[in-house]
Amino acid sequence: MTNTHLPAASDLGDEQLRARFDNSFVRELPADPLRQDFPRQVRNACFSHVQPTSVAAPRLLAWTDALGEQLGIRRPESATGAAAEVLGGNKVLPGMQPYAARYGGHQFGNWAGQLGDGRAMTLTEIIGAQNQRYDLQLKGAGLTPYSRTADGRAVLRSSVREFLCSEAMHHLGVPTTRALSLVATGDAVVRDMFYNGNAAAEPGAIVCRVEPSFIRFGNFEILTWSDELDELKQLADYTINTHFPELGAPSPQVYAKWFEEICRRTAIMVAEWMRVGFVHGVMNTDNMSILGLTIDYGPYGWLEGYDLGWTPNTTDAEGRRYCFGRQPEIAQWNLLRLAGALSPLIPDRADLENGIRTFGNVYAEQTRKAMSNKLGLLNWDDNDDALIEDLMATLQEQETDMTLFFRLLADVPIDTKADNDSALIAPLRRAFYVEGDDAGKHLIAWLHRYVLRVQRDAENPATRRERMNRANPKYVARNYLAQLAIDALVAGDSSVINRLVSVLQKPYDDQPEHDELAARRPEWARHKAGCSALSCSS
Ligand code: AMP
Ligand code: MG
């Protein structure tokens, strides 16, 4: 049976596929008139035309079948054929008009001026079976006018991390960009991983990322900060017409509705990060998608021990601006910067304030929904906020694996007699990093309250368990698992990444044959580079 939602599959170079290429961003928005790659300040433009720089020996390392099907692109038959040439940047197909977007951003709280796609380039847009639009973007394909002093390349380790995590997030149900392919370039890339004078050559790679649009908050900020208000209006109108058509034709009221919608989507995205224990690591405004998708996977990480103050990003170790617990607050701060950038289009302050209020309301509502599913509560009552707050404080006290804790919570016997402490805590033991008699005195007290609370709902236990399991993934892209996949790939073994990719496609399913991929972080990975400590160097 054919699925009418999917386009017919073609090879990357086929005529049928070419007929579905479009370049609306390039066609409708002002271009930088220069067509050279040297780093420069660009004015009065939303993008620069670019060409990928060839690589030595592109070889396909990984491919996402489900996304390929959605785009109507067939899995390449050979690792080194025509598809690898296109996805490695050696060949631009007729009909593609590659460009690098111009954007700015607030980095670590300060306006950083022009940033832009320094190593990413969008090859083209592909139109799906139901007129959806997807950008195909290569990350690591060479220099652009926005490369500043860097090389336009990406290393294999970060490319694997982006490929793996963005797909894992998609299957968790978190709004995100996706990844179609991972290509080894055959070129070496030199990086000083911890900015400590130890530069080393590493294998290079290119990920092909996919999403309806890679427009960021920073694309608007750069125009307003450069006083390019005609271009600001053009970009806003293009974005609304192309990606938010349901809001109506652009007008002052529609700009206000649009800002509110961005606030709403951003709230949902961050609430989802908090639900699954994802830390983005570098929430600068240039890394915030206007569509409310998780974008730019760099020094991100997954919570192991539940810790609001944890950040995977060594560059942020001191200030902890982007630590787990501050993500909602920072998202709001970023929306305020976007509000500033859009204020020439939305002159009434009340409209902007309304958007920010919507962020707060939607975040609170989403969190409440997520937490009642995670804990298996029905009929939210006023005491539940305190129950959850006390749990968070308790988890913070002693190193407890967030993913395992919530997954195992469904196994806590809720018909236990109130004095049976050990039965209550037994199913959770696997989540503790440190064992001890004290382990869980507060937690046991909390569990007694929890059991009474759950009993009050009198929900069918199987239904409750099912609901909890859909909110509490068993498998996440744990930092050390990604590192093991990278180490294996560098040694020429792709079986580890393939297994991980396949398990992470069903993160809520038990898949008992893969239990070891749901285990606590082993001690060797506690302080290991790439596992718990990551830098922006990628
Ligand atoms: P990030 O914080 O990684 O999102 O990047 C911030 C800015 O630096 C963006 O403008 C990137 O395009 C740029 N950038 C990061 N790495 C490179 C690189 N290797 N070559 C060129 N530009 C880069
Ligand atoms: Mg970025």
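Just so you know, ligand 1 is whichever comes first in the structure, and atom 1 is the first atom listed for that ligand. All of these numbers come straight from a predicted model, not from anything done at the bench.
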Mind checking whether [X] and [Y] have parallel, tilted or perpendicular rings, split at 30° and 60°?
{"X": "W111", "Y": "W225", "answer": "parallel"}
{"X": "H280", "Y": "F278", "answer": "perpendicular"}
{"X": "Y238", "Y": "F25", "answer": "perpendicular"}

(request) Applying side chain to side chain donor-acceptor pair (under 3.5 Å), run through N361 and E365 and close with a yes or a no. (result) CA-CA 6 Å; N361 293 339; E365 185 190 316; over 6 Å; no
May I ask you to check whether [X] has an N/O atom sitting below 3.5 Å from an N/O atom of ligand 1?
{"X": "D117", "result": "no"}
{"X": "Y146", "result": "no"}
{"X": "A150", "result": "no"}

Report yes or no: does a heavy atom of [X] sit under 4.0 Å from some atom of ligand 1?
{"X": "N284", "answer": "no"}
{"X": "R191", "answer": "yes"}
{"X": "G298", "answer": "no"}

(message) N23 vs T124, test: side chain to side chain donor-acceptor pair (under 3.5 Å). Steps then yes/no.
(response) CA-CA 6 Å; N23 299 283; T124 189; 3.2 Å; yes
(request) Identify the protein heavy atom lying closest to atom 13 (C) of ligand 1, giving its residue, its atom name and the separation to 0.1 Å. (result)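 That would be R148 NH2, 3.7 Å.
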(request) Check the side chains of N284 and Y322 for a donor-acceptor pair under 3.5 angstrom, ignoring hydrogens and angles. (result)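 Looking only at side-chain atoms, N284 and Y322 do form a donor-acceptor pair, the distance falling under 3.5 Å.
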(request) Please check if any side-chain donor atom of T311 sits under 3.5 Å from a side-chain acceptor atom of N313, or the reverse. (result) no
(message) Counting only heavy atoms closer than 4.0 Å, does ligand 1 sit against the backbone of Q107, its side chain, both, or neither?
(response)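 The answer is the side chain.
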(message) Heavy-atom distances under 4.0 Å decide this one: backbone, side chain, both or neither, for L115 against ligand 1?
(response) both
(request) Might you work through the side chain to side chain donor-acceptor pair (under 3.5 Å) test for S24 and D22, ending with a clear yes or no? (result) CA-CA 6 Å; S24 68; D22 191 25; 4.5 Å; no
(request) Report the C-alpha separation of T144 and Y99 in whole Å, then their side-chain angles, then the decisive distance to 0.1 Å, and conclude whether the side chain to side chain donor-acceptor pair (under 3.5 Å) test is met. (result) CA-CA 9 Å; T144 80; Y99 71 89; over 6 Å; no
(message) Run the ring-ring contact (aromatic ring centres under 6.0 Å, His included) test on W302 and Y297 for me, step by step, so that the C-alpha distance in whole Å, both residues' side-chain angles and the decisive distance to 0.1 Å come before the verdict.
(response) CA-CA 12 Å; W302 289 84; Y297 290 82; 9.2 Å; no
(message) Here's a test for you: under side-chain hydrogen bond (donor to acceptor under 3.5 Å, both in side chains), which of E221, R216, Q107 qualifies with T285?
(response) E221
With atoms numbered from 1 as shown, which atoms in ligand 1 lie under 4.0 angstrom from a non-hydrogen atom of [X]?
{"X": "G118", "answer": "12 (O), 20 (N), 21 (C), 22 (N)"}
{"X": "R153", "answer": "19 (N)"}
{"X": "G116", "answer": "9 (C), 10 (O), 11 (C), 12 (O)"}
{"X": "G152", "answer": "18 (C), 19 (N), 20 (N), 21 (C)"}
{"X": "N287", "answer": "2 (O), 4 (O)"}
{"X": "D296", "answer": "4 (O)"}

(request) Return the option from R102, R119, K139 holding the heavy atom at the smallest distance from atom 15 (C) of ligand 1. (result)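 Heavy atom nearest to atom 15 (C) of ligand 1 belongs to R119.
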(request) Using heavy-atom distances, let me know which of T144, D151, D286 sits nearest atom 19 (N) of ligand 1. (result)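 Heavy atom nearest to atom 19 (N) of ligand 1 belongs to D151.
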(message) Just checking: N284, one of its N/O/S atoms, less than 2.8 Å away from the Mg ion (ligand 2), yes or no?
(response) no
(message) Quick check: do R326 and R320 have side-chain heavy atoms less than 4.5 Å from each other?
(response)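 No. Closest side-chain heavy atoms not under 4.5 Å.
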(request) For the Mg ion (ligand 2), find the closest N/O/S atom on D296 and give its atom name. (result) OD2
